[in-house]
Amino acid sequence: MDLAQRQRFFSTNLLAWYDVHKRDLPWRRNKNPYYIWISEIMLQQTRVDTVIPYWHRFIEKFPTIEALADAPEDEVLKAWEGLGYYSRARNLQSAVREVMETYGGIVPDTKPEISGLKGVGPYTAGAILSIAYNKPEPAVDGNVMRVLSRYFLIEEDIMKGSTRAYMESLIYQLIPEGRAGDFNQALMELGAMVCTPKSPHCLTCPVMEQCAGRLEGMEESLPVKTKAKPPRPEHRLAAVIAGTGERAGQFLIRRRPDTGLLARMWELPHVAAPEPGMAFAEGGEAAGEALRAGLAAEAGLDIQPLRWLMLAEHTFSHIHWNMGVYVCELAPGPDAAAAGAGDSGPPPGCAWVDAASWREYAFPNVFLRIVKEYLK
DNA sequence: AACTCGGGGGG
DNA sequence: CCCCCAGAGTT
């Protein structure tokens, strides 16, 4: 069997398998380009089971492109809370506003137009064009690269851009006439359900007979992929600043900067620990003093640590936080009034919240955990 | 091409 | 623990 026959075998059998075994996912129930778009952004680096409840809540809250374009950004971030990669949410809203202004509220159906939208890269452009509009464009994600690298025994490093380009050129040859959306989804479905990263389920695979990786006994060693650098450790000290007097029962939160890590999310005030060990000190005198001095210098907050609360560890893709958390109060005296203990409001960029109202703000997961522990 | 950007689930 | 996930933007 030559290459052209193996390619036909692949497309035909994969599509037949998909027609029988495809999952009933909420965004597959119709071809609404907006629904598809939301699902594809959420699914970037995120598993289907995680996305499903977020997708339902998001569509309920922002049913149309217009509704999302008109929503306050804070509400969009809140709907994204816990999903991660928060720039996806901000880019998405920027993009739907562009669709309202430039394309009359209709998701464009050409590659250059849709690729110009914020947050829509080569994968997402191909996914929306093929799934919503059935255009014969490739949508190459990690699943697709794994399946193709095994079936066609491609040993190039899938982290390289040239490998992705080769996979896309291959897809153009493989898409069956008139079934681009189903074919792309079938590839990803196979990668997610059968051709999994570890111990692929070859015995139930619809294309196993002609899979070069399987025939060579290499299904477990493909795809070839350079491994990521381990996250660098960071040691930090955080403060739950409890209100006193009129502010009893409240605590202070602040908004993160407009750019960078966790941009525009809310958090508890925290500073870098001068010594790594201070993050683990569990109430050490030096750690408490470092937290006091750090918040005074960086945030103009004059606080007094009262007790150690917890060690909060959190791993991002590239950073590992070790954060020692202290319950604090604003220090008494004239500075306290300036910092918001008196009639004046909270410091700039900060807000006083209580056990109920804090849930209205969007927090990264690590701070959700800390606040829940504090309120327990 | 390398780095930044979250969080969770499976083995 | 490690790997990986329906990736994109920035430099």
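Just so we're on the same page: letters track the sequence lines, and every chain starts at 1.
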Pair His56(A) and Phe58(A), ring centroids less than 6.0 Å apart: no
- request: If the plane angle is over 60° it's perpendicular, under 30° parallel, otherwise tilted; pick one for Tyr151(A) and Phe9(A).
  value: parallel
NZ/NE/NH1/NH2 to OD/OE distance under 4.0 Å, Lys225(A) and Asp157(A): no
query: Across the strands shown, which category fits Lys118(A) at heavy-atom distances under 4.0 angstrom: base, sugar-phosphate, nothing?
result: sugar-phosphate
Given DNA chain B, 5'-ward residue of the pair Arg369(A) and Thr259(A), judged by closest heavy atom: Thr259(A)
- request: State which of dC5(C), dC3(C), dA6(C) makes the closest approach to the side chain of Arg146(A).
  value: dC5(C)
message: Measuring from the side chain of Thr50(A) (C-beta onward, heavy atoms only), which nucleotide among dA6(C), dG9(B), dC4(C) has the closest atom?
response: dG9(B)
- prompt: To the nearest angstrom, how far is Arg264(A) atom CZ from dC5(B) atom P?
  reply: 14 Å
query: If you find the nucleotide of DNA chain C closest to Ser115(A) and the one closest to Trp27(A), which residue's nucleotide is nearer the 5' end?
result: Trp27(A)
query: In terms of side-chain heavy atoms of Met188(A), which of dT4(B), dC4(C), dA6(C) is nearest?
result: dA6(C)
- request: Could you work out the separation of dC5(B) and dA6(C) based on their P atoms and round it to a whole Å?
  value: 23 Å
query: Within the structure shown, what part of the strands sits under 4.0 Å from Val51(A) by heavy-atom distance: base, sugar-phosphate, or nothing?
result: nothing
- prompt: Looking at dG6(B), dG8(B), dC2(C), which one has an atom nearest to any side-chain atom of Arg47(A)?
  reply: dG8(B)
message: Under 4.0 Å, heavy atoms only, any strand: does Gly82(A) hit a base, just the sugar-phosphate, or nothing?
response: sugar-phosphate
message: Quick check on DNA chain B: between Ile319(A) and Asp49(A), whose nearest nucleotide comes earlier from the 5' end?
response: Ile319(A)
field: Residue pair Gln250(A) / Arg247(A), side-chain donor-acceptor N/O under 3.5 Å
entry: yes
Selected nucleotide, minimal atom distance to Lys229(A) side chain, candidates dA8(C), dC3(B), dA6(C): dC3(B)
- request: Report which part of the nucleic acid Ser87(A) touches: base, sugar-phosphate, or nothing (heavy-atom distance under 4.0 Å, all strands).
  value: nothing
- prompt: Which nucleotide sits closest to the side chain of Asn91(A): dG9(C), dA6(C), dG7(B)?
  reply: dG9(C)
task: Could you please name the partner base of dG6(B), counting Watson-Crick and G-U wobble pairs only when both distances are under 3.5 Å?
output: none
query: What class does the angle between the rings of Tyr374(A) and Phe251(A) fall in, given that below 30° is parallel, 30 to 60° is tilted and above 60° is perpendicular?
result: perpendicular
message: Taking the C1' atom in each of dG8(B) and dG9(C), what is the distance between them to the nearest angstrom?
response: 23 Å
